[in-house]
Amino acid sequence: MKTYRTGFLLALIGNILLAVVLVGLWLHYRATKPMADAETKSSNSLAQRSMPTSTPSVSTEVPLVPVQISPQRLQSIGVKTGEVQRKVVADEIRTTGNVAVDETRFAYVQVRFSGYIEKVFADATYQYVRKGQPLFTIYSPDLVATEREYLVAKQNQQQVAQSTVSGVTASAASLLDASAERLRQWGVPQKEISRLESTGEAQPELEVDSPVSGYITERNALPSVAVQPEMRLYTIVDLSTVWVQVQVFQNDLERIKVGAPATLTVNTYPGRTFTGRVDFIYPQVDMDTRTAKVRVVFSNPGLQLKPGMFVNVSLKIPMGSQLIIPATGVLQTGTRDIAFVVRSDGYIEPRDVQLGSRGGDDFIVLKGLKAGDKIVTSANFLIDSESQLQAALGSFVPPPPGAGAASAMNAPQANVELSSDPAPPRKGSNIFRVKLTHANGASISGSEVSVTFFMPAMPAMGMAAMRTPVALNDKGKGLYEGSGQLESGGTWQVTIVVKKNGQLIATKQLSVNATGGM
């Protein structure tokens, strides 16, 4: 008992000590939390004050200016020109499809009376039959009885033809007409009624002929089979005209019109082209492929197009008379469409244009150009780079016509050599040197030398154009030196301008590849 009491007292004392420790820790936490919160709020406030309220967006619009390039350089970089014209434009949509049966050319063979099939002449599916070709013969008691009624009515009419009793002749004629009409309603051909009149005998079997020319795709006519009016004995399809179901992307649906011409080719018949027209545009787009079905009707001479064939179809899209520009004459940057117009004063002017849909190898021009404008159709990227460089240098001042060529001819010749430390230059700080010498090798001192590094904008990467001007100091003996900071690695377009006594004595343009990544 004494041991139990001792253990109880020790456990009680331990629990009291644990409670005291927990209370102390809790009080310490309550005391330090306001200070920590105050420090956190203070640091957050300081960060908010030091952080810019908004991040400036990078402008990807590159300024362009007209440029003047010598004919020799235009030829060396492969510049070609074309002309903006107004002409009738047509485009085409190339797609694939499958040949199908023209559903309007199905023919079903049925009879309108009960009977029994006697003989079958067309006895196989996919057999080709011509219009009027016998298919089978049928015996019908009802038909035989009606033919006999017709013969009796005809006899009565002949017997009372000379009667003077009022109404007798008219009644006999009416009875004959009723019998003939009943035969026609049952589908008895006129040639069978004519045979009845000429022979005066009812024939036990009636021959049923094909109503159209085509292929038998279904056959239920068998010898000795009992026939009812609702039975479909033959299905015959005429393949002289077929449907082709093609898939067209939803973006092209607006351009397709019912009645538009189309052409078809198939590998089975190399060099053969079938002509047709658009017949129907289905009012539903497939959610998986984003295409809609378009039905095209083609004539099928010689029955060469078979249902199920995989074919190539070209849909012709007439677009009328439009102002057009060659597709190679447009520089598409992703945000702008630019054409370079060759002006009469020798300058090449970049011009924003608004384009419509494409027609073959041409674009329809909605705004920005007029008929007769002369445009650049090749080496557009080089012209664009030259225009960006001139805009970056900010040195474009249009001289009078011919002044550019005259100044180039009168300018003294000088050799300009560019080097760097490190070589090749890198992203970051570099030292650039230019060596100037006359054509005879003598050094040129006392000049003002500037080097401008330019990198065009890259809209797809969200990079604006970069420009770094570097002024070089004269170190004597024709050597000029200066330091500059390149913002990125990659290909830089470099322009060196040398002036002496305020006169331009030399310029040079080249490309330099800097290391260090973007």
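Note that the coordinates shown come from a computational prediction; the quantities given were computed from them, not determined experimentally.
- Of all heavy-atom pairs spanning A339 and L369, the tightest one is CB-CD1, 4.2 Å.
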Output side-chain donor-acceptor pairs under 3.5 Å for residues 258-276, partner residues at least two apart or in another chain, one line each.
from: Y269; atom 1: OH; to: Q304; atom 2: O; distance (Å): 2.8
from: R272; atom 1: NH1; to: Q304; atom 2: OE1; distance (Å): 2.4

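- Side-chain atoms of V120 and L222, non-hydrogen and from C-beta on, never get closer than 4.5 Å to each other.
- Between the CD1 atom in I117 and the CE atom in M231 there is a gap of 6.5 Å [rounded to 0.5 Å].
- Residue Y108 qualifies as enclosed at atom OH: its count of foreign heavy atoms under 6.0 Å is above 12.
- In this structure a side-chain-to-backbone donor-acceptor pair under 3.5 Å is missing from T495 to Q509.
- Sorted by first then second residue, the salt bridge (Lys or Arg N to Asp or Glu O under 4.0 Å) pairs that include residues 106-123, not counting sequence neighbours, number zero.
- Across all non-hydrogen atoms, the minimal contact from L183 to E147 is CD2-CG, 4.0 Å.
- Residue E218 holds its CD atom at 9.5 Å from CG of L233, rounded to the nearest 0.5 Å.
- Atom CG of residue D337 and atom NZ of residue K367 lie 13.0 Å apart, to the nearest 0.5 angstrom.
- When atom types are taken as modelled, the side chain of S114 and the backbone of D142 share no donor-acceptor pair closer than 3.5 angstrom.
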CA sep, side-chain torsions, deciding dist, call: W492, M466, side chain to side chain contact (heavy atoms under 4.5 Å, CB included): CA-CA 9 Å; W492 289 83; M466 292 180 284; 3.9 Å; yes

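- With hydrogens and angles disregarded, a donor-acceptor distance shorter than 3.5 Å links the side chain of T377 to the backbone of K80.
- Residues L135 and F121 are not in side-chain contact: their nearest non-hydrogen atoms beyond the backbone lie 4.5 Å or more apart.
- When side chains are defined from C-beta on, V237 does not count as touching D102, because their heavy atoms never get closer than 4.5 Å.
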Criterion side chain to side chain contact (heavy atoms under 4.5 Å, CB included) on K293 and Q247, from CA distance to verdict: CA-CA 5 Å; K293 287 199 304 183; Q247 301 289 336; 3.3 Å; yes

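- In this structure, CG on L323 lies 9.5 Å from CD on Q85, to the nearest 0.5 angstrom.
- Of all heavy-atom pairs spanning L196 and E201, the tightest one is CD2-O, 3.2 Å.
- Relative orientation of the F113 and W186 rings is tilted, given thresholds of 30° and 60° on the angle between their planes.
- In plain terms, the two heavy atoms of P326 and D362 that are nearest each other are CA-OD1, 3.6 Å.
- Crowding of K154 atom NZ: a count of heavy atoms from other residues, nucleotides or ligands under 6.0 Å exceeding 12.
- Within 6.0 Å of atom CZ in F106, more than 12 heavy atoms from other residues, nucleotides or ligands are found, so the atom counts as buried in its surroundings.
- Between V144 and R148, some side-chain heavy-atom pair lies under the 4.5 Å cut-off.
- With rounding to the nearest 0.5 Å, the separation of CD1 in I375 from CD1 in I348 is 12.0 Å.
- The closest side-chain heavy-atom distance from E83 to K374 is not below 4.5 Å.
- The distance from atom NZ of K316 to atom CD1 of I93, rounded to the nearest 0.5 Å, is 11.0 Å.
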Intermediate values then yes/no, side chain to side chain contact (heavy atoms under 4.5 Å, CB included), D91 and S357: CA-CA 9 Å; D91 195 11; S357 57; over 6 Å; no

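- Counting heavy atoms from C-beta on, the side chains of V244 and L305 never come closer than 4.5 Å.
- For the pair W243/V297, a side-chain contact is recorded, criterion being any heavy-atom separation below 4.5 Å from C-beta on.
- Environment of CZ in R184: crowded, with over 12 heavy atoms of neighbouring residues, nucleotides or ligands closer than 6.0 Å.
- In this structure a side-chain-to-backbone donor-acceptor pair under 3.5 Å is present from Q133 to R130.
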E149 and V152: CA distance, side-chain angles, deciding distance, side chain to side chain contact (heavy atoms under 4.5 Å, CB included) verdict: CA-CA 5 Å; E149 290 177 3; V152 171; 5.7 Å; no

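- Within a 6.0 Å sphere centred on CD of E254, other residues, nucleotides and ligands contribute 12 heavy atoms or fewer.
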Solution key, residues 511-518 side-chain donor-acceptor pairs under 3.5 Å, sequence neighbours excluded:
from: N513; atom 1: OD1; to: T491; atom 2: OG1; distance (Å): 2.7

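- In this structure, R105 and T241 approach most closely via the heavy-atom pair NE-CB, 3.4 Å.
- Remark: E181 CD is packed, more than 12 non-hydrogen atoms of other residues, nucleotides or ligands lying under 6.0 Å away.
- Two residues are said to be in side-chain contact when any heavy atoms from C-beta on lie closer than 4.5 Å; R467 and T452 meet this criterion.
- Side-chain N or O atoms of D373 include none that pairs as donor or acceptor with a backbone N or O of V84 at under 3.5 Å.
- A pairwise comparison of heavy atoms in V101 and P307 identifies CG2-CG, 3.8 Å as the closest pair.
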Derivation and outcome, side-chain hydrogen bond (donor to acceptor under 3.5 Å, both in side chains), residues S240 and D238: CA-CA 6 Å; S240 61; D238 179 8; 3.0 Å; yes

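- Atom CD of Q190 has more than 12 heavy atoms from other residues, nucleotides or ligands within 6.0 Å.
- For the pair N220 (side chain) and R232 (backbone), a donor-acceptor distance under 3.5 Å is present.
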